[in-house]
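What follows is a short report on a single structure.
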Amino acid sequence: MKYDINKVRNIGIIAHIDAGKTTTTERILYYTGRKHKIGEVHEGEATMDWMEQERERGITITSASTTCFWKGHQINIIDTPGHVDFTVEVERALRVLDGAIFILDASHGVEPQSETVWRQAEKYKVPRIAFVNKMDKVGADYFKSIESMEKKLGTLPLPMQYPIGSESSFEGVVDLVEMKEIVWLDETLGAKYEYRDIRDELKDECEFWRNVLIERLAEVDEEILEKYLEEKPISNEELKKAIRRVTLAFKAVPVFCGSAYRNKGVQPLLDAVIDYLPSPIDRGSIYGKSPDGKDVERKPLDNEPLAALAFKVQMDRYIGKLVYVRVYSGVLRSGSYVYNINKGKKERISRIVRMHANIQEDVEELRAGDIGAVIGLKETITGNTLCDEEHPIILESLEVPEPVISQAIKGANKADEDKLSKALAKLAEEDPSFKFWVDNETDETIIAGMGELHLEIKVDILKRNFNLNVEVSPPRVAYRETIKKPVNAVEGKFIRQTGGRGQYGHVIINVEPLERGRGFSFVDKITGGRIPKEFIPAVQKGIEEAMQKGILAGYPVVDIKVELVDGSYHEVDSSELAFKIAAKTALWEALKRGNPVLLEPIMRVEITTPEEYLGDVIGDIGSRRGHIKSIEDRGNAKLITALVPLAELMAYASDLRSITQGRAYFVMFFDHYAEVPKNIAEKIIEERKKELQKAK
């Protein structure tokens, strides 16, 4: 097939857990002819859930990509996880995609993790269409789901369809642009469908909702507004063009509905991907930086210099390291050399493949706008830019969330212990939100991630894929430290004279607390050459190293701003080492004076419980230092949203089962860090000190 970049769509499937992302993707693959049998998630046969751990649990853990074709268009799809523990998979997919299908459960509408993935798509400016799935489910309500998008997401939903029935009577949809019914023939597994005239009893309702669609378009599109005010007829083609304009401009979101599991609604969704989501050309140029910090533009054309972003690394037991890339400009060819500008190294591409979940299909090249995977890159990691050495560009990387939970891990015997660090390094290379290190105080190997399930999966992979016998301690909370008041003019000196050349470093810093989640800011305010420029990076490095261990309990320090305001140097004795040590000394002193406090991760918890257990669940949340944010009706149950310290949720799954006789369930995700109450902080600090003392 002749390559036409205008007919390429790079899309992601994003949603809350259990909204039906993978099931929808399975139907897309079936109806586009990419596969000839529908695989069901609950039967462990979904193509895109290829990991053993995914098939056993019935959830998506890692984003999987595939390519299919629909009506002459190439659609590259990434199916992402819905569970918050694997949010980095959504983050890196959205970083490289041009559009997304946002899926909602028709009986639940917008859920907490729906809001999270929506915000991620907003951050990367990814246009979206929405699919209200599970219209066959008890409590399904298309229009209530649309209303929840308006209220919770602050977006303007465009009702593109009218459902014919709901719950067990869901038959199909009315296309409000074409004003035709679409009904699926069940005996063909939904592969065949018919356009029919709208039945008489639905005509008035459909006319009403078509007018709502036009009115909403008129709010955000000048051409439609003009015709609407002049009461001129608006053709279907004009409607479609306007819907595309406002979707690509982030002014509105077209909303479709169906039941992927019941094989209804998927083909119009594919049509919508082509009609309303952008091609790489629509997305326009990508911008990056040159090595000297200047802005660089790359147009999405084959004849431009190469610019590609490595957005994922996957270790394959047979072929080694697979690096997923999005090519923004130029052509990536098999057998060629590319320049990794982040590492300053040339690397050879031995093979290029298109991925169909975990199956590789060899191709000779990836062109502008393409997504694929590369074999042969040894140095490249997630977030690196591959480019033409003669035309360097550094593309924006992706944000990786900090781990909130950790635990100690060790090999059961010497042989396993020896292999453990290499295996952990491979897992960390694949997943940038998973980290490991050796605690110098306790000499333990620590693994850290986004939640208990995240770490549980990693340990399971170590056992199965790497054949390691490992033992883990109970999970620990990733506490942090910070200060509450600013401190000025804190001095740090390192002066040594031991015969011959000595050491001399001298800094004066101001330190102030930042808002929660702001991280670390370093400002160089040196004037008049009081400290030579070449020593400033050493000062910053010393401060960053000192922040790895706070003074209360040895936890990392966060949310501070450090200003380097003064200092002095010696023409002979000053060195980078001396300034690094002086900076560490100054920061530790500043932390002591700045009213240091302990911070803990606070989780947003969503609990769905039968009403008869509502009081017991609320009482239990209160006993865990939790705060109830809202209580809503969820079908015949109640949805409780609460903020609870992670430290109080370690055994929550089994406790909630016990309280509700197994009838309630919950999801949680990180919300923010907050100060630990003084009495509890004192206990944590005391226990930490004992732990460190014992290790010595």
Side-chain angles (χ1 to χ4, degrees), residues 402-406 408 435 437-444 446 448 476-495 505-523 538-567 577-602 645-647 672-696:
E402 282 297 311
V404 297
I405 194 167
S406 65
K435 297 195 170 138
W437 65 89
V438 175
D439 188 317
N440 292 330
E441 303 281 353
T442 63
D443 208 30
E444 291 179 311
I446 307 296
R476 302 174 180 180
V477 176
Y479 292 105
R480 298 286 185 264
E481 298 183 25
T482 194
I483 56 171
K484 291 182 76 173
K485 70 174 186 183
V487 283
N488 293 327
V490 183
E491 198 168 28
K493 282 184 179 179
F494 182 68
I495 302 171
H506 173 217
V507 301
I508 298 174
I509 60 172
N510 297 336
V511 184
E512 63 180 77
L514 293 175
E515 290 175 28
R516 293 289 166 268
R518 291 288 300 278
F520 168 61
S521 171
F522 177 78
V523 182
V539 174
Q540 181 173 348
K541 192 171 183 186
I543 286 164
E544 288 173 351
E545 284 183 10
M547 286 174 63
Q548 296 308 305
K549 283 198 174 165
I551 58 164
L552 290 175
Y555 291 109
V557 177
V558 295
D559 301 337
I560 61 169
K561 177 183 177 182
V562 177
E563 294 177 341
L564 177 60
V565 293
D566 204 353
L577 177 64
F579 273 102
K580 196 160 93 168
I581 295 171
K584 285 185 178 183
T585 307
L587 185 72
W588 283 325
E589 182 58 33
L591 294 176
K592 287 176 194 171
R593 295 193 214 165
N595 191 4
V597 291
L598 203 62
L599 301 176
E600 64 181 342
I602 306 296
L646 177 62
H672 66 281
Y673 268 91
E675 186 179 340
V676 180
K678 193 173 180 185
N679 60 323
I680 295 170
E682 285 170 357
K683 288 181 189 172
I684 294 167
I685 292 165
E686 192 59 39
E687 284 173 15
R688 176 73 168 164
K689 284 179 179 173
K690 282 181 189 172
E691 184 184 304
L692 297 176
Q693 194 62 39
K694 188 179 175 185
K696 288 175 182 174

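Taking a 6.0 Å sphere around NZ of K541, one finds it holds 12 or fewer heavy atoms contributed by other residues, nucleotides or ligands.
Among residues two or more places apart in sequence or in another chain, the salt bridge (Lys or Arg N to Asp or Glu O under 4.0 Å) test is passed with E481 by none. Under the side chain to side chain donor-acceptor pair (under 3.5 Å) criterion, E544 pairs with Q540, not counting sequence neighbours. Not a single salt bridge (Lys or Arg N to Asp or Glu O under 4.0 Å) links K689 to another residue, sequence neighbours left out. Under the rule for a side chain to side chain contact (heavy atoms under 4.5 Å, CB included), K683 has no partner lying at least two apart in sequence or in another chain. Residues that satisfy the side chain to side chain contact (heavy atoms under 4.5 Å, CB included) test with V487, not counting sequence neighbours, are V490, V511, A590, R593. Y673 pairs by the ring-ring contact (aromatic ring centres under 6.0 Å, His included) definition with F670, not counting sequence neighbours. For K678, the salt bridge (Lys or Arg N to Asp or Glu O under 4.0 Å) test picks out no residue, with sequence neighbours left out. The salt bridge (Lys or Arg N to Asp or Glu O under 4.0 Å) search around E545 returns K580, K584, not counting sequence neighbours. The side chain to side chain contact (heavy atoms under 4.5 Å, CB included) search around E491 returns K493, H506, I508, not counting sequence neighbours. For D566, the side chain to side chain donor-acceptor pair (under 3.5 Å) partners at least two apart in sequence or on another chain are R530. Listed by chain and number, the residues in a side chain to side chain donor-acceptor pair (under 3.5 Å) with E687 amount to none (sequence neighbours excluded). Partners of P645 by side chain to side chain contact (heavy atoms under 4.5 Å, CB included), not counting sequence neighbours, listed by chain and number: E600, I602, R625, E648.
The structure places CG of L514 at 8.5 Å from CD1 of I483, a figure rounded to the nearest 0.5 Å. The distance from atom NZ of K484 to atom CG of N595, rounded to the nearest 0.5 Å, is 6.0 Å. Expressed to the nearest 0.5 Å, how far CZ of F522 lies from CE of M547 amounts to 11.5 Å. L587 contributes atom CG, which lies 11.0 Å from atom NZ of K592 (distance to the nearest 0.5 angstrom). Here the CZ-OH distance, from R688 to Y555, works out to 4.5 Å after rounding to the nearest 0.5 Å. One finds the CG atom of L552 at 11.0 Å from the CD1 atom of I684 (value rounded to the nearest 0.5 Å).
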